[in-house]
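Below, chain A is the first sequence line, B the second, and so on; all start at residue 1. Computed from a prediction, not measured in an experiment: that's the story for all the values here.
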Number of protein chains: 2
Amino acid sequence: MTIKNAKDQIIAAATKEFLASGFDGARMQAIADKAGANKALLHYYFDTKEKLYYIVLKAQFAGMIGTMLQIFGSDEEFEPWLRHLIKTILKEITSRPHFSRFMIWELSARNKQLPRLFKELLEERMQGIFLGKIQAKLTKAGAENYPAEQFLLNILSLCIYPGIARPLLEQVMGKEFFANKDFIAQREEEIFKLIKYGIIERTRGDQ
Amino acid sequence: MTIKNAKDQIIAAATKEFLASGFDGARMQAIADKAGANKALLHYYFDTKEKLYYIVLKAQFAGMIGTMLQIFGSDEEFEPWLRHLIKTILKEITSRPHFSRFMIWELSARNKQLPRLFKELLEERMQGIFLGKIQAKLTKAGAENYPAEQFLLNILSLCIYPGIARPLLEQVMGKEFFANKDFIAQREEEIFKLIKYGIIERTRGDQ
DNA sequence: ATTATCTTTAACTATATGGTTAAAAACAAC
DNA sequence: GTTGTTTTTAACCATATAGTTAAAGATAAT
């Protein structure tokens, strides 16, 4: 592990700045400062703000897809798989709180090309096998008639939303609730049970 | 219902622009155009972009709180209340897709005063009665030991997330899934069952 | 040592955009 | 029709910021 060179430092700084502030809110000067470099060097390596942004964006897309593939594609039985899935997504959200928020905001607020770029990267690495894998897990659990799409929506919603809406939710439920050391563990257990009893046990053997 | 005067038209236009693009992305000229007015008039009435933004923001906060109070405070039995709750939130999200996204983004990306402003408006109209009302409903349903905070998290997550993450989710699950005429009705039924079997039936009579 | 690459400095340009102004015009109220 | 308010016009200013440039200096590779 060598000391990062300037190019990598700039990318790291740009990532922080773009994720926290979006394209419009990001400042090239702030990126230079964060990277311990100067504006001239940013343009020497990356030419324009847009190009730097797309490099960051692609890396984020790719990383996200990698994580998802890893999580959803594992070989376990249903219940351990589900626990693993929930734990990993929750960990991802808490360790990088800006990321999901950024994806959601930029994909709707910015131009219409972003969703397409995302889809291209998605298809490059997993040609539609995604929902299929979930369906296979559901079958293993005896809930083969439950739609994989709804399953995915439920899991992502329950795991991601509290993390991204936290500044808002803290005002309604009190900061202490989120600050609680066991919050993540409790939430993990809660989501697991919700899925287990609300989907699997409920629909087992359905036609 | 008279024809709106310019001031109201400007506020309406500003609301659209700010919700869609955030403070940084919003353009005063775009607001003027949308309102069928000119920049000079914007400043004649509202002085600065910030002031106009805070007027829009306060109205949005207030509207949101009003909706939530109305929904969560109704007098029904648990199951009709739950159905009503889910239906109303889903309707709100689909009819104003930019709103939740905007709240989440701006409350984290912009300055730290916004969450406080939100909390002040919140407390003005409902001094902590919020979680209490949910707890009362849970008691009615025989699930008095289930934490109201978790209930609120689950409901909001399941109802709101798919709406705000839609541009992203469409790429994973296909546009058709969301475009389906019955998507909302299916989702409503799905969330209802998830809560009913995953929380209420599961925890009934718990210590 | 020479060379090529990386990095800094510091000035600069161009542009977008928020904000201002003053006068005129349109409109409404009385 | 006089008066006060609202709205337009069209110019303008100030500032922030993306982007550029050229020269010099530092660093690494050969």
Open item on the list: Across nucleotides 6-18 of chain D, 5' to 3', mark each nucleotide with B, S or - according to how protein heavy atoms within less than 4.0 Å reach it.
Closed with: BBBBB------SB

- [ ] Without swapping roles, check the side chain of A:Q135 against the backbone of A:E144 for a donor-acceptor pair under 3.5 Å.
- [x] yes

TODO: Give the ring-plane orientation class for A:F102 versus B:W105, where under 30° counts as parallel, over 60° as perpendicular and anything between as tilted.
DONE: tilted

TODO: Report yes if the side chains of A:N145 and A:T203 come closer than 4.5 Å at any heavy-atom pair, otherwise no.
DONE: no

Task: salt bridge (Lys or Arg N to Asp or Glu O under 4.0 Å): pairs with one or both residues in residues 64-77 of chain B, sequence neighbours excluded - done: B:E77-B:K140

Task: Which residues share a side-chain hydrogen bond (donor to acceptor under 3.5 Å, both in side chains) with B:K87, sequence neighbours left out - done: none

Task: Parallel, tilted or perpendicular: ring planes of B:F23 versus B:F18, cut at 30 and 60 degrees - done: parallel

Task: Residue list, side-chain hydrogen bond (donor to acceptor under 3.5 Å, both in side chains) with A:Y53, at least two apart or on another chain - done: A:E106

TODO: Keeping to residues at least two apart or across chains, list the salt bridge (Lys or Arg N to Asp or Glu O under 4.0 Å) pairs with something in residues 160-182 of chain B.
DONE: B:R166-B:E170

Return a table of donor-acceptor pairs under 3.5 angstrom between the side chains of residues 32-47 of chain A and protein atoms on other chains or two or more places apart.
{"residue": "A:D33", "atom": "OD1", "partner": "A:Q29", "partner atom": "NE2", "Å": "3.0"}
{"residue": "A:K34", "atom": "NZ", "partner": "A:E17", "partner atom": "OE1", "Å": "2.7"}
{"residue": "A:N38", "atom": "OD1", "partner": "A:A40", "partner atom": "N", "Å": "3.4"}
{"residue": "A:N38", "atom": "OD1", "partner": "A:L41", "partner atom": "N", "Å": "3.0"}
{"residue": "A:H43", "atom": "ND1", "partner": "A:K39", "partner atom": "O", "Å": "3.2"}
{"residue": "A:D47", "atom": "OD2", "partner": "A:K51", "partner atom": "NZ", "Å": "2.8"}

Task: Those residues that, when tested against B:F178, pass ring pair (Phe, Tyr, Trp, His ring centres under 6.0 Å) (two or more places apart) - done: B:F183

TODO: To the nearest 10°, let me know how far the axis at one end of the helix from C:dA1-D:dT30 to C:dC30-D:dG1 is tilted from the axis at the other, five pairs an end.
DONE: 20°

- [ ] Name all residues meeting the salt bridge (charged side-chain N to carboxylate O under 4.0 Å, His left out) criterion together with A:K137; count only those two or more places apart in sequence or in a different chain, and write none if there are none.
- [x] none

Open item on the list: Distance under 4.0 Å to a non-hydrogen atom of chain B counts as contact; along DNA chain C, which nucleotides mark the start and end?
Closed with: C:dT17 to C:dT21

- [ ] Name every residue in residues 14-22 of chain A that has at least one heavy atom under 4.0 Å from any atom of DNA chain C, in order of residue number, or write none if there are no such residues.
- [x] none

With a 3.5 Å cut-off and sequence neighbours excluded, list the donor-acceptor pairs that the side chains of residues 55-70 of chain B form with protein atoms.
{"residue": "B:Q60", "atom": "OE1", "partner": "B:R96", "partner atom": "NH1", "Å": "3.3"}
{"residue": "B:T67", "atom": "OG1", "partner": "B:G63", "partner atom": "O", "Å": "2.9"}

